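Right, one structure below, let's go through it.
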Amino acid sequence: MVYLSSQAKALADSTVSRAWRAVTGTGLLLPLSVLLVWQLADRHGGEGIPNPAALAATFLHLVRESAFWWALLASIRRVMIGFACGALVGVATGLALGGLSWMRWLFGPVVSLWRYMPIFSLIPLLVLWLGLGEPAKLVLVALATSVPVTLSTYEGMRVIPQKYQDVADMFGLTFWVRLKLLLLPAALPFVANGLRQGLAFAWMATVVSELFLSSGAGLSELIVAGQEQFRPDLMLIGIAVIAITGIALNKALDRLIHYAVPGAQLSIAGESRS
Amino acid sequence: MSASVLHLRQSPFVAPLSGKDVVLEGVSKAFSMNGKDMPVLRDITLHVKAGEFVSIVGASGCGKSTLLRIIAGLEKTFDGIVQIGGQGVEAPTRDCGLVFQDHRLFPWLTVRQNIAMALRSNRELSTQGKADLVQSHIALVKLDGFENAYPDQLSGGMAQRAAIARALVTSPSVLLLDEPLGAVDALTRLHLQRELQRLWMTRRTTMIMVTHDIEEALLLGDRVVILQPRPGRIHSVLEIHTPRPRTGEETTLLAAKRRILDALNVGNDE
Ligand SMILES: Nc1ncnc2c1ncn2[C@@H]1O[C@H](COP(=O)(O)OP(=O)(O)OP(=O)(O)O)[C@@H](O)[C@H]1O
Ligand SMILES: [Mg+2]
């Protein structure tokens with residue numbers, strides 16, 4: 001009996017310590033304590049500021065509605081299509097800028113200014129040309145993605161060590177072979193970084209496009225609905241779902257990059273530059 | 001040791017080649033540093049006959065690598081005339097191979113891919129032909145079993161051997177070697193020196209090799225060019241008539257070594 005109870009105690013101990021480590025290790029400690037304090041401070045739910053319990057109730061109600069899932073799906077679809085197009089355009093533009101001297105001659109002087117391009121100020125123009133529907137949203141997301149991806153890819157191409165260019169010159173590599181064997185692999189860590197930035201921009205643009213061009217399904221519906229119905233709980237849940245979806249997308253991209261590019265290559269290509 | 005060479009001889013893709021001659025006429029080169037022109041090479045005149053082996057020795061920083069880069073066509077601006085096989089050199093050509101001082105393998109490619117890269121712009125060979133050539137050259141530098149290793153999984157000497165294979169695989173008429181065995185251990189070094197000698201004897205490739213190792217220069221060279229520094233210019237040229245294959249133990253070589261050491265000392269005292 002003594003033996004059993006001590007074993008049970010050890011088991012309980014390890015469960016508790018594991019849970020503790022899960023909380024502290026994943027950075028959940030601060031948010032969880034904020035929620036707790038918030039709930040304790042406002043048990044009855046004040047005017048305009050719902051407490052965590054009320055939010056949880058709203059959320060549980062929401063996830064039982066199919067419209068919520070359709071909205072989530074629509075936003076994810078939007079960001080994925082826009083991001084994919086923008087990433088393709090961005091990588092291609094960056095490679096062309098880095099690899100073709102006439103492209104560099106033409107655009108080189110202004111490329112670094114692209115970073116300051118006010119993407120969202122293009123919304124009225126996009127609406128004028130493309131209407132309020134899906135195309136305008138996708139173009140906005142793609143544009144927002146392409147800027148950091150282009151800049152980062154171009155940067156990666158510019159810092160390729162001359163010593164490797166010499167080797168490629170010695171063997172008379174043609175543009176495409178050089179692209180495949182030297183430029184792309186060497187620029188890869190930079191491209192990966194650009195893609196990460198691009199996805200963050202894409203997600204932001206998705207939300208903004210939904211708010212400004214409110215037609216069709218999307219997660220921003222939650223926020224708009226909350227505003228119209230004076231329901232801050234809906235808005236807060238909307239914000240939280242958007243944030244969490246963004247984090248999940250980021251993690252998925254990291255996974256993808258991790259599998260597509262051997263880790264060794266990422267670090268080697270980065271190192272070889274030093 | 002000899003097996004790999006035999007293998008190469010039997011390979012249908014490596015016809016016994018003849019080298020081309022290299023002409024340097026009054027070659028000078030300056031780098032601009034902080035707006036000032038720094039002379040690196042001055043008035044280098046050297047005629048290397050087709051199929052000749054020329055060793056170049058000289059103090060560190062006297063412009064040996066720069067000279068090879070000029071011959072290879074990697075340096076675009078210089079004074080004087082550089083010709084390979086009667087043709088002026090303006091850009092790298094397939095006639096001319098270069099083993100860099102550092103191995104310069106692409107870190108993201110395996111040994112096999114790195115060597116195969118050299119044949120990418122070759123349109124005459126079949127895919128199988130290229131694969132066979134790559135494999136026989138991997139064997140030549142004794143890297144069998146490491147075909148799929150990445151450069152950072154190799155020792156410095158192994159990486160340098162892979163780089164040598166990469167330069168040899170295209171069977172260039174002129175092979176420039178920039179301290180090719182500098183990073184190789186003593187034993188492998190002996191092996192590769194003899195392998196290089198045999199390769200040169202079978203292929204009759206023109207070879208120009210920079211080295212810090214005077215015995216290596218003497219073992220392999222028909223002539224040894226001694227450079228003196230600041231700016232780099234030719235101090236003297238020594239002809240080595242010792243018949244081949246050489247072992248490095250010949251008394252004629254030992255006598256020549258004495259003279260080179262004296263010459264290098266004179267160069268340093270200035
Ligand atoms: N790209 C460059 N820009 C400016 N100066 C250079 C450049 N390349 C070489 N130099 C200078 O030219 C000189 C000769 O360099 P080089 O590499 O040819 O010497 P080296 O004889 O090969 O030396 P080592 O035996 O150490 O390899 C050095 O003083 C170096 O500083
Ligand atoms: Mg050098």
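Note that these values count all heavy atoms, side chains included, but never hydrogens, waters or copies made by symmetry. First the proteins, then the strands, lettered A, B, ... as listed; each starts at 1. Source: prediction; values computed, not measured.
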Report summary line: Counting heavy-atom pairs under 4.5 angstrom with chain A, the leader among B:Gln113, B:Arg94, B:Arg69 is B:Arg69
Is any NZ, NE, NH1 or NH2 atom of the basic residue among [X] and [Y] found under 4.0 Å from an Asp or Glu carboxylate oxygen of the other?
X        : Y        : result
B:Arg189 : B:Glu216 : yes
A:Asp169 : A:Arg178 : yes
A:Glu210 : A:Lys137 : no

Query raised in the report: Crowded around A:Gln162 CD? As in, over 12 foreign heavy atoms under 6.0 Å?
Result: yes
Requested in this report: Measure distances from B:Leu119 to the heavy atoms of chain A and classify the residue's part below 4.5 Å as side chain, backbone, both or neither.
Outcome: neither
Query raised in the report: Side chain, backbone, both or neither: which part of B:Arg166 has an atom under 4.5 Å from a heavy atom of chain A?
Result: both
Report task. With sequence neighbours excluded, tell me which residues meet ring-ring contact (aromatic ring centres under 6.0 Å, His included) with B:Phe106. Result -> A:Tyr164, B:Trp108
Query raised in the report: Can you find a side-chain donor-acceptor pair between B:Asp178 and B:Ser65 that sits under 3.5 Å?
Result: yes
Query raised in the report: Are B:Gln83 and B:Glu25 linked by a side-chain donor-acceptor pair shorter than 3.5 Å?
Result: no
Report summary line: Listed by number, the residues in residues 95-104 of chain B that come under 4.5 Å of chain A (heavy atom to heavy atom) are B:Cys96, B:Gly97, B:Leu98, B:Phe100, B:Asp102, B:Arg104
